[in-house]
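Data block below; observations after.
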Protein chains: 2
Amino acid sequence: MKRRPTILDVAAQAGVSKSTVSLVLQGSPQVKPGTRAAVQTAMAEIGYVYNRAAANLRSASVGLVGLVINDLRNPFFTEFATTLQMTLASHGYATVIANADEDPALQAKLVASMIEHGVAALVISPVYGEGSETFDQLARSGLPVCQVLRKADERTELFPFASFDYAAGSVAATRHLIDQGARNIAFVGGLPGRAITRERKSGWREVLREAGLAEVALHGKSTRGFGLQAADQLIAEHPQVDAAICFNDLVALGLMAGFARAGRPVGQGFRVVGFDDIEEAAQSWPPLSSVSCDIAQFAQDTAARLLAWMVDQDRPAPELPSAVRLVARASSLGNET
Amino acid sequence: MKRRPTILDVAAQAGVSKSTVSLVLQGSPQVKPGTRAAVQTAMAEIGYVYNRAAANLRSASVGLVGLVINDLRNPFFTEFATTLQMTLASHGYATVIANADEDPALQAKLVASMIEHGVAALVISPVYGEGSETFDQLARSGLPVCQVLRKADERTELFPFASFDYAAGSVAATRHLIDQGARNIAFVGGLPGRAITRERKSGWREVLREAGLAEVALHGKSTRGFGLQAADQLIAEHPQVDAAICFNDLVALGLMAGFARAGRPVGQGFRVVGFDDIEEAAQSWPPLSSVSCDIAQFAQDTAARLLAWMVDQDRPAPELPSAVRLVARASSLGNET
DNA sequence: CATATATTTTGGATCGTTCCAATTCCAGTA
DNA sequence: TACTGGAATTGGAACGATCCAAAATATATG
């Protein structure tokens, strides 16, 4: 017979009752060491594998956390996802990662599937727009849900929101460019109307208005491809622009590639700052200045807050902005190596 | 009472039996449309959520596929993972993605956790080395297991292996560089001793020997950082080298950045070809020539093979190399725009 | 209309674990 | 020896779905 062995088989093999086997499985201290050893030997002998579905059915508490990411292909989010998974793993929780691919319908399906699978909590970097039923469903489930990096639902008492203080980063980046001598600073990338775009733009706008400088903004998707295309547009339509703050590093790297292609490599009179400080920023040429969001640290903090919520019923603050830090590299500095 | 409603509650609400509710849940065609509607209304009214753990316990067949990836941060693997997940989703299977982070111990833990969660099959791009117990465990589980992209276990009748025909790509890339006038072609990146490094190197070596050209190889991690560092080493120690085949695009992009930093931008007498043809290859400057592995297509093929195995007991071939295609771009062509 | 057949619906058994109250074991004490 | 109390072990009742064979209902046939 090919049937998977159960704890009853183990119990028979070890000459104890199924309850004792269950206690061993749970690492209870109240079984005698000798008995424990016998049970463990029996398990190894008959090749027993734990059936978590059965256990969950009875105990309801599952060491499973769901993670839904709007775009897992973006390295920034990949880093967040992998760090969160590893941090939770070190606390005995398994994480299921899913990619919503910026598709609200898929996101809804994934969330429903995770609830069905009985996750104990959910972390979501949501897709924008059309997501209200998803959050209504989450609200009904009563699960601990953390919104991270993107705020798609305003009910932050229900879905506490943690992200970075992008506005402050934007101010710092703009001041830095002005200090370096830039006078026509464009903002490139970010889809218009989104909260995160507004935030990353707000500091730039504020500083420019204070300084009485002109504003040029090119909006679009947050991809390398858009940056490439934006370079051409900037050169053709706004030749006076001498610096750019990009929505993220991917856009910035694309923009730099675009300027290089046009024969005006960044560093020679044109300055660029990105957002996120992904690993590649330090490795590109020229190295890219970026508003650094310590995403690994952020993922660890998120894990800690989530654990506090799940384990100690200690609900996180509704809004929590993490500090950012401007890392100045050659792409924005006056002198060029 | 805060108890989650069960199908019995739904049945009571709708005035039918639990069996009927179960049939509706499974989308059985044998319930009358009127009854179905009544049940669905009842579900909505009392906010029923399906309990998959309970269902799995009885039926054993779970629409769940595990995916373990050696390094999810590598965009090549991220693309594979997300495409596989989406393809399987369109066939009604949920996918749990986990990142082993090149850590054999973590990989073992993840695999064990997935088996416990009752996945119906597993796709693994394994970590190299120390993984034998992991595969022994998988063999014992009797699950359909596909090894993809990396072969860590030689028992390919048990764990069918699918990857790309890297050797052919390597031949094509080397011939191409020679055609373009290169005479000193280095191989950069890839950890020595690994099957995949041997494969990607084999064609290069073969062609060089045929042509009677010298061989220079720099081995290291498959990261942008190593490429950056390799550029300096190449310039300092092997100034005669006039072209490079890189283990992957990340190394190639790092190498190009390194050459640019050293004031010898690629395209002016130095040619580079990478492997994988990640999205960024076309967007860098200069655009990077690469041996294209259509990873999205590969992920879809993998999904199809896995489904055939799971559903029709149709076991895939033990070894299946997918064709690759050289995409020549400015980084390896004679003339520079 | 009675009967045969097809379509829907149903109650009980079952999956493999955990939980709980109850029982057994055993060393220490009177 | 008989008794006690804590430690170790146990059997039965859940958990919430699916499966199956049987029952109820609807439809077709002569």
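Proteins get letters first, then strands, A, B, ... in listed order; numbering begins at 1 in each.
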Practice prompt. Using a 4.0 Å cut-off on protein heavy atoms (strictly under), produce a 5'-to-3' string for nucleotides 6-15 of chain D with B for base contact, S for backbone-only sugar-phosphate contact, and - for none.
Written response: --SBBBB-BB

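Rounded to whole Å, atom P of dG16(D) lies 17 Å from atom NE2 of His117(A).
The CG atom of Leu23(A) sits 9.5 Å away from atom CZ of Arg36(A), with the distance rounded to the nearest 0.5 Å. Between Leu25(B) atom CG and Met43(B) atom CE the span is 5.0 Å, to the nearest 0.5 Å.
Here Gln26(A) reaches the OP1 or OP2 of dC19(C): one of its side-chain N or O atoms lies under 4.0 Å away.
With Thr302(B) as the partner, the side chain to side chain contact (heavy atoms under 4.5 Å, CB included) test is satisfied by one option alone out of Leu320(B), Thr87(B), Val148(B), Leu149(B): Val148(B).
In this structure a side-chain-to-backbone donor-acceptor pair under 3.5 Å is missing from Gln147(B) to Thr156(B). Side-chain atoms of Glu130(B) never come within 3.5 Å of backbone atoms of Pro104(B) as a donor-acceptor pair (strictly under, hydrogens ignored).
If you check every strand for non-hydrogen atoms under 4.0 Å, Leu8(B) touches nothing.
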